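The chains referred to below are lettered A, B, ... by the order of the sequence lines, with proteins before strands, and numbering in each begins at 1. Since the structure is predicted, the reported quantities are computational estimates derived from the model, not experimental observations. Only heavy atoms go into these numbers, but all of them, side chains included; no hydrogens, no water, no symmetry mates.
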Number of protein chains: 2
Amino acid sequence: MGTAGRRDETSTGTDVAPRVRRRPTQADVARQAGVSVSIVSAVINDRQYGNIRVSDATRQRVRKAVQELGYAPNLAARGLAGGTNRLIGVFTFQRIFPLAKEDFFYEFLVGVEEAAEEEGYNLLLLTAAKDKAGQRSLYPEGTNGMQLADGGVLAGWDESADEIRRLAAEAYPFVFIGRREIPGVELSYVAADYRSATRELTDRILRSGRTVAFVRGSSAPELVPGRQQGFREALGASPTNQRDDATFATLPPEPSLLDYAQLVTWASEHSVDCLLVENSRHAVGVDEVARSRPSGARLQVLSLGGAPEEEAAARLGGLVIPRREMGREAVRLLVRLITEPGAGPQRTTLPVEVHVPA
Amino acid sequence: MGTAGRRDETSTGTDVAPRVRRRPTQADVARQAGVSVSIVSAVINDRQYGNIRVSDATRQRVRKAVQELGYAPNLAARGLAGGTNRLIGVFTFQRIFPLAKEDFFYEFLVGVEEAAEEEGYNLLLLTAAKDKAGQRSLYPEGTNGMQLADGGVLAGWDESADEIRRLAAEAYPFVFIGRREIPGVELSYVAADYRSATRELTDRILRSGRTVAFVRGSSAPELVPGRQQGFREALGASPTNQRDDATFATLPPEPSLLDYAQLVTWASEHSVDCLLVENSRHAVGVDEVARSRPSGARLQVLSLGGAPEEEAAARLGGLVIPRREMGREAVRLLVRLITEPGAGPQRTTLPVEVHVPA
DNA sequence: CTGTTAGCGCGTTCAT
DNA sequence: ATGAACGCGCTAACAG
C-alpha cells in the first residue's frame with residue numbers, strides 16, 4: 001500500500017524536465033495513503049460528512065501521508081468550495097496610513113487588526129480603489145471593489161452618499177466606523193456618544209463657575225453635530241447662561257501658530273476660562289500658545305477629539321474617544337453581518353470617557 | 001440580441017425561494033451581455049487568448065453588464081485557476097499596528113501603501129495567520145496564508161528561518177524589508193546601509209576630538225551587525241583610539257528611567273562626550289535625562305534608528321532611516337518579481353542619511 | 001466504513 | 001469573432 005502511486009510527477013513519459021515541484025494535493029495524499037480524497041478531506045478537517053466515519057487505522061495512514069508529503073491545503077480551493085474567503089475589506093475614503101501618525105485612522109486600525117486577528121479574518125486594504133479622477137472610490141471603474149472581501153469596514157469622510165447607497169442596495173455587508181445617517185438606507189455602524197460626553201464635560205465646567213467656549217475645527221463631519229449639540233444642551237440647562245459672542249470660535253482647516261494665538265487672545269478678551277477644541281491636534285497647539293503667555297496661564301484647553309493613546313491630548317484632558325474599541329466593535333458587527341445574513345442593521349454606540357486632569 | 005438569455009436565476013421551475021442573493025459570476029455577466037464566459041474573461045483581463053479577438057461592440061456590452069451587475073472577480077477562483085489578483089500580501093512577524101505608534105512597522109507601511117496605490121495593487125494584511133500557539137506564522141495550521149496574494153512583503157523579526165525557507169521553496173515571490181541572510185536561500189530584500197552611515201557619523205564625532213560610546217538596545221536583530229560594524233570601523237580607523245571600557249554600553253529590553261540615568265552617569269564617569277543609541281525611543285529618553293542634569297548638559301545623544309518622521313529623534317539627530325522609501329522599494333521589487341518570474345532575487349540597499357543638528 | 005462525483009468561479013485551449 | 005469544454009484543489013452530497 002505504501003507502494004501505491006509511485007510516480008511523483010504526472011510524467012507522461014516525455015518531457016520529464018526539471019519542472020517546478022508542484023505542491024502536493026489531497027489527491028496525492030489519497031494516493032499515498034491508498035484511500036480516496038473524501039477520506040483525506042474528512043481527516044484533515046476532522047469532520048464527518050453525512051455518514052462518513054473513518055477508522056483509526058485509516059486516520060493514522062492519512063496523517064502519515066500528509067507528513068511525508070508535506071501536504072498543506074490550498075486556501076484558494078478551500079475558499080472556492082466554501083464560497084467565502086475570510087477576508088474583511090477595509091476602505092477609507094482618505095489614505096489609510098497618513099503621514100501624520102496622530103491622524104484619524106490609526107487607532108481605529110489598531111482595533112480592527114486586533115479583532116480581525118481574534119476572529120480569524122485577514123484584512124484587505126483597498127488601496128488601489130481609485131476612479132479615473134484619482135479619487136478613492138468604492139466603485140473604481142464602476143465595479144464594486146469591496147466585493148473581493150466577504151464584507152467591509154468603512155471609515156473616513158465621503159462626499160457622495162451615492163456609493164454607499166449602492167453598496168447597501170447590493171446587500172453587501174459593511175459597517176461604518178462613526179455614525180452615518182443616509183436617508184432611505186439602514187446603515188450599520190459603530191458610533192461614540194459624543195453628545196452625552198460633551199454635555200457632561202461642559203456641565204462640569206459651568207458648575208465650577210467658569211465660562212467656556214467651543215472651538216470648531218476641521219474634524220470628521222459626522223462627529224460635529226453630536227458635540228455641538230451636547231455643548232448647547234449644557235448651556236441651555238445652565239442657570240448662568242453665557243453671552244453668545246463668547247460661545248463659539250472657529251479655526252481654519254490648517255491653522256497656523258498665528259491662528260492659535262488669535263484664538264487665545266480672543267478667549268482672553270472675552271473672559272473665557274476654558275476652551276473646548278474639537279480637534280485634538282489643534283487643542284495641543286492652542287494650549288502650547290496659551291501657556292507661553294503669562295496672561296494665558298489661567299486658560300484651560302480641553303480636547304474634544306483625543307484618542308486614548310494620544311499622550312499630548314491626554315495631558316490636556318477632555319473627551320477620550322475609544323477609537324480602538326470602535327475598530328474592534330466594527331469588526332465584530334461585521335462578522336455578525338457576514339455569518340448571519342438575515343440579521344438587520346447592526347449598531348453600537350460606545351461611551352466616550354470624560355477626563356479632566358486634576 | 002439583448003433579449004438572449006432572459007432568466008436571471010437558474011430557475012428550475014421549483015424552489016424559487018427568496019434565496020440569498022448570490023454574488024454575480026462571470027456566467028451572470030455573460031448571460032446579461034448575451035455572450036459566453038470566455039469573452040467575459042477576455043474582456044475583464046484585457047487579454048487575447050490564442051486567437052480570441054473581441055469586437056469593440058461586444059467589449060462595451062460586457063463592460064456594461066459588469067457595471068449593472070456589480071460584478072467582481074472571485075479571488076479564490078482566480079487564484080485556483082492560476083490567475084493573478086493584483087494583491088500584495090503584507091506579513092509582519094509581530095503585530096502590524098502596535099499600540100506604540102512610533103514602533104517599527106508604521107513608516108514602512110506608509111511607503112508600502114503609497115507604492116501599492118501607485119502600482120495599482122491592493123494590500124492583503126495577514127492578521128489571521130496564527131499557529132496553534134497563537135504566534136504569528138506564515139504557515140498557520142500548515143497552510144500558506146498568502147496564497148490569495150500574488151506575492152508578499154515581509155517584515156519583522158522571525159525566530160524560525162524554516163518558514164521562510166519553505167516559502168522560498170514554493171517559489172512564492174516575496175521581499176523582505178530589512179536585510180535577511182538565510183544560508184541556502186536567495187532572498188530578495190531592501191536593506192539600508194547602516195554600516196556606512198554609522199561609520200561616517202562616528203568618524204565625524206571622532207574628528208571633532210570627542211569621545212563616543214555605542215549604546216546597544218533592543219532593536220531588530222538584523223540591523224545590529226551593520227551598525228556595530230560601522231562603529232568599529234570608524235574606531236579602528238581613528239588615530240586616537242578609545243579606551244575599551246568606555247566604548248559599549250547596553251540597555252535592557254524595556255529600560256526604565258533609572259536605566260537611562262545610570263547610563264548618563266556612566267557616560268559622565270568615563271568622560272564620554274557623545275552617545276550613539278541604537279533605539280530612537282531610548283535615545284529620546286536618555287537625552288531627556290541628560291538634559292535634566294547640570295552635569296549632563298554637555299552630553300550629546302544621537303539616535304541610530306530614527307525614522308524621518310519621528311520628530312523627537314529628528315531633533316536629536318543621528319541616523320535617519322528611510323523607512324518609508326524602504327517600504328516603497330519593497331513593493332517595487334515585489335512587483336518586478338511578480339511580473340517577471342524569470343528574474344533572480346531582487347536587492348536594493350538604500351542610503352541612510354546622517355543628520356547632526358547644528 | 002469508504003469511493004465516486006458534482007460543483008465552486010475562473011483562465012485557457014480548441015473547435016467553430 | 002465567439003462558444004464549449006476542461007482543469008485548478010477542495011468540500012460535501014451521494015452511492016455503495
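Per the geometry, CG belonging to A/L148 stands 15 Å off P belonging to C/dG9, to the nearest Å. Following rounding to the nearest Å, A/I39 (CD1) and C/dT4 (P) show an atom-to-atom distance of 11 Å. Protein atom CG of B/N45 is 10 Å distant from nucleotide atom P of C/dC10, rounded to whole Å. What separates CG of A/N74 from P of C/dG9 is a distance of 17 Å, to the nearest Å. Taking atom CZ of residue A/R61 and atom P of nucleotide C/dC1, one finds them 14 Å apart after rounding to whole Å. What separates CG of B/L75 from P of C/dC10 is a distance of 10 Å, to the nearest Å. The distance from atom CG of A/N85 to atom C1' of C/dC10 is 15 Å, rounded to the nearest whole Å.
Between its opening and closing five pairs, the helix from C/dC1-D/dG16 to C/dT16-D/dA1 changes axis direction by 50°, a value rounded to 10 degrees.
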Could you pull out the protein-nucleic contacts involving nucleotides 4-7 of chain D (nitrogen or oxygen on both sides, under 3.5 Å)?
residue : atom : partner : partner atom : Å
D/dA4   : N6   : B/S38   : OG           : 3.2

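Considering only side-chain N and O atoms, B/R78 lies under 4.0 angstrom from the phosphate OP1 or OP2 of C/dG11. Note on A/S41: every side-chain N or O is 4.0 Å or more away from OP1 and OP2 of D/dA12. In this model, the phosphate group of D/dT11 is approached by a side-chain N or O of A/Q26 to a distance below 4.0 Å at OP1 or OP2. The phosphate of C/dG11 (OP1 or OP2) has no side-chain N or O of B/R47 nearer than 4.0 angstrom. Taking only side-chain nitrogens and oxygens, A/T58 comes nearer than 4.0 Å to OP1 or OP2 of C/dT2.
At a cut-off of 3.5 Å, with distance as the only test, no side-chain donor of A/R78 or A/N85 sits close to an acceptor on the other residue. Side-chain contact, B/S41 with B/S38: no donor N or O sits under 3.5 Å from an acceptor N or O.
When side chains are defined from C-beta on, B/E113 does not count as touching A/L125, because their heavy atoms never get closer than 4.5 Å. Side-chain contact between A/I88 and A/N122 is absent, with no heavy atoms from C-beta onward closer than 4.5 Å.
A search for ring-ring contact (aromatic ring centres under 6.0 Å, His included) contacts involving B/Y172 returns nothing, not counting sequence neighbours.
In this structure, B/R166 does not pair ionically with B/E163, as no charged nitrogen and carboxylate oxygen lie closer than 4.0 Å. Here B/E118 pairs with B/R328 in a salt bridge; the nearest charged N to carboxylate O distance falls below 4.0 Å.
Distance from the side chain of B/L80 is smallest to D/dG9 among D/dG9, D/dC10, C/dC10.
A cation-pi arrangement is absent between B/R180 and B/Y189, since the terminal nitrogen or guanidinium carbon is not both under 6.0 Å from the aromatic centre and inside a 45° cone about the axis.
Remark: the backbone N or O of B/L187 is paired with a side-chain donor or acceptor of B/R347 at under 3.5 angstrom.
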